[in-house]
Engineer: 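After the structure tokens below, expect a handful of questions from me.
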2 protein chains.
Amino acid sequence: MGATKEQLFTDHQTRLAAYAKALAHPARIAILQQLSKLDSCVCGDLVTDIGLAQATVSQHLKELKKAGLIQGTIEGVRVCYCINPEALTLLKKELNLLFDSLQSCASDECC
Amino acid sequence: MGATKEQLFTDHQTRLAAYAKALAHPARIAILQQLSKLDSCVCGDLVTDIGLAQATVSQHLKELKKAGLIQGTIEGVRVCYCINPEALTLLKKELNLLFDSLQSCASDECC
DNA sequence: AATATTTATCGCAATATTACGATTAATTTG
DNA sequence: CAAATTAATCGTAATATTGCGATAAATATT
């Protein structure tokens, strides 16, 4: 089928999975890191920095936007992309929730 | 194409993306959380807990194993799956590296 | 107005993911 | 040994992802 059965999972599980999906490609991690440098928060610069075709980078940006991790504001011909700090905070929170729930096992000898 | 151009990215970016990919499905997060409960660390139990078909759960377990996040030991007919604490520690480390590198932007006003 | 620049989108191809029924392989129980 | 249990694998179908060239849409420059 290829489509997730969402009704089986909690909101936390679904949200975290969505964030993880956004991070599940090295190009998108590279983009986030580039954007955090602030002086290159424009798609064209990202293209040369990252080494993928313009269309491909644009697609990765779209994914990151969909996850809410970045936002873009149009500045003339260009678009200024930047990281959404709120989303980053939320991501950290969801990750902490996960790690907390996995805590018990990490401390014990399971197998 | 559908295959990542790995040579463009750093080891950190590739490793983190691989971990994120493993977490990029709510079923796999659910599995990790179930496994951390320790008393249900067997595929059969996971199937009833999670509500997906046995083949599907087995496939998700395979993904988690591939990422190194879990390990399975055969116990007779059954398999005892459990979380790999070392991998969890590594994952946390890679995530911290990411968040550190994104720090500058989160504090400033980007857009 | 014509040209250049920049980014999004379209269309396509290759591959990957998700899901499940059926089957297989292994072990355990009767 | 036969039947039952358990988990992996196979085969298949539907859908998603990745990548890129080409094109479109918008703004800027000449």
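The chains referred to below are lettered A, B, ... by the order of the sequence lines, with proteins before strands, and numbering in each begins at 1.
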Engineer: For the pair made of CZ in Phe9(A) and P in dT18(C), what is the distance, rounded to whole Å?
Structural biologist: 10 Å
Engineer: Testing the basics here: between Ile83(A) and Gln71(A), what is the closest heavy-atom pair and its distance to 0.1 Å?
Structural biologist: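 Distance-wise, the nearest heavy atoms are O-OE1, 4.3 Å.
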Engineer: Provide the full list of side chain to side chain donor-acceptor pair (under 3.5 Å) pairs with a residue in residues 51-60 of chain B, sequence neighbours left out, each pair given once.
Structural biologist: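 Found Arg28(B)-His60(B).
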Engineer: For the side chain of Ser36(B) and the backbone of Ser101(A), is there at least one donor-acceptor N/O pair under 3.5 Å apart?
Structural biologist: yes
Engineer: Of all the heavy-atom pairs spanning Leu35(B) and Tyr81(B), show the shortest one and how long it is.
Structural biologist: CD2-O, 3.6 Å
Engineer: Just N and O in the side chain of Lys21(A): are any of them under 4.0 Å from OP1 or OP2 of dT17(D)?
Structural biologist: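 Answer is yes, contact under 4.0 Å.
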Engineer: Verify the neighbour count for atom NZ of Lys93(B): are there more than 12 heavy atoms of other residues, nucleotides or ligands below 6.0 Å?
Structural biologist: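 No, NZ of Lys93(B) has 12 or fewer neighbouring heavy atoms, counting only those of other groups under 6.0 Å.
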Engineer: On DNA chain D, nearest-nucleotide positions of Ala53(A) versus Gly76(A): which is more 5'?
Structural biologist: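 By nearest-heavy-atom nucleotide position, the 5'-most residue is Ala53(A).
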Engineer: Using a strict 4.0 Å threshold on nitrogen-to-oxygen distance, state whether Glu75(B) and Arg78(B) make a salt bridge.
Structural biologist: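 Salt bridge absent between Glu75(B) and Arg78(B).
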Engineer: Starting at CG of Leu8(A) and ending at P of dT18(C), how long is that distance when rounded to a whole Å?
Structural biologist: 14 Å
Engineer: Take atom CG of Leu52(A) and atom P of dA8(C), then tell me their distance rounded to the nearest Å.
Structural biologist: 15 Å
Engineer: Can you check the Lys66(A) NZ to dA8(C) P distance for me, whole Å?
Structural biologist: 16 Å
Engineer: Would one find a side-chain N or O of His60(A) under 4.0 angstrom from OP1 or OP2 of dT17(D)?
Structural biologist: no
Engineer: Whole Å only: how far is the CD1 atom of Ile74(A) from the P atom of dT7(C)?
Structural biologist: 11 Å
Engineer: Extract from the structure each pairing of a protein N or O with an N or O of nucleotides 6-9 of chain D at less than 3.5 Å, listing the distance.
Structural biologist:
unit_1: dT6(D); atom_1: OP1; unit_2: Arg78(B); atom_2: NH2; d: 3.2
unit_1: dA7(D); atom_1: OP1; unit_2: Cys43(B); atom_2: N; d: 3.3
unit_1: dA7(D); atom_1: OP2; unit_2: Gly44(B); atom_2: N; d: 2.6
unit_1: dA8(D); atom_1: OP1; unit_2: Tyr81(B); atom_2: OH; d: 2.1
unit_1: dA8(D); atom_1: OP2; unit_2: Ser58(B); atom_2: OG; d: 2.7
unit_1: dA8(D); atom_1: N7; unit_2: Gln54(B); atom_2: NE2; d: 2.8
unit_1: dA8(D); atom_1: N6; unit_2: Gln54(B); atom_2: OE1; d: 2.8

Engineer: Using atom CD of Glu75(A) as one end and atom P of dA8(C) as the other, report the distance to the nearest whole Å.
Structural biologist: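 These atoms are roughly 13 Å apart.
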Engineer: Looking at every non-hydrogen atom in both residues, tell me the closest pair between Tyr19(B) and Ala87(B) and how far apart they are.
Structural biologist: OH-O, 3.8 Å
Engineer: Please report the distance, rounded to the nearest Å, between CD1 in Ile70(A) and P in dT7(C).
Structural biologist: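 Rounding to the nearest Å, CD1 of Ile70(A) and P of dT7(C) are 12 Å apart.
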Engineer: I want to check one thing: is the phosphate of dA19(C), taken as OP1 and OP2, less than 4.0 Å away from some side-chain N or O of His25(B)?
Structural biologist: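 Affirmative; the distance criterion is met.
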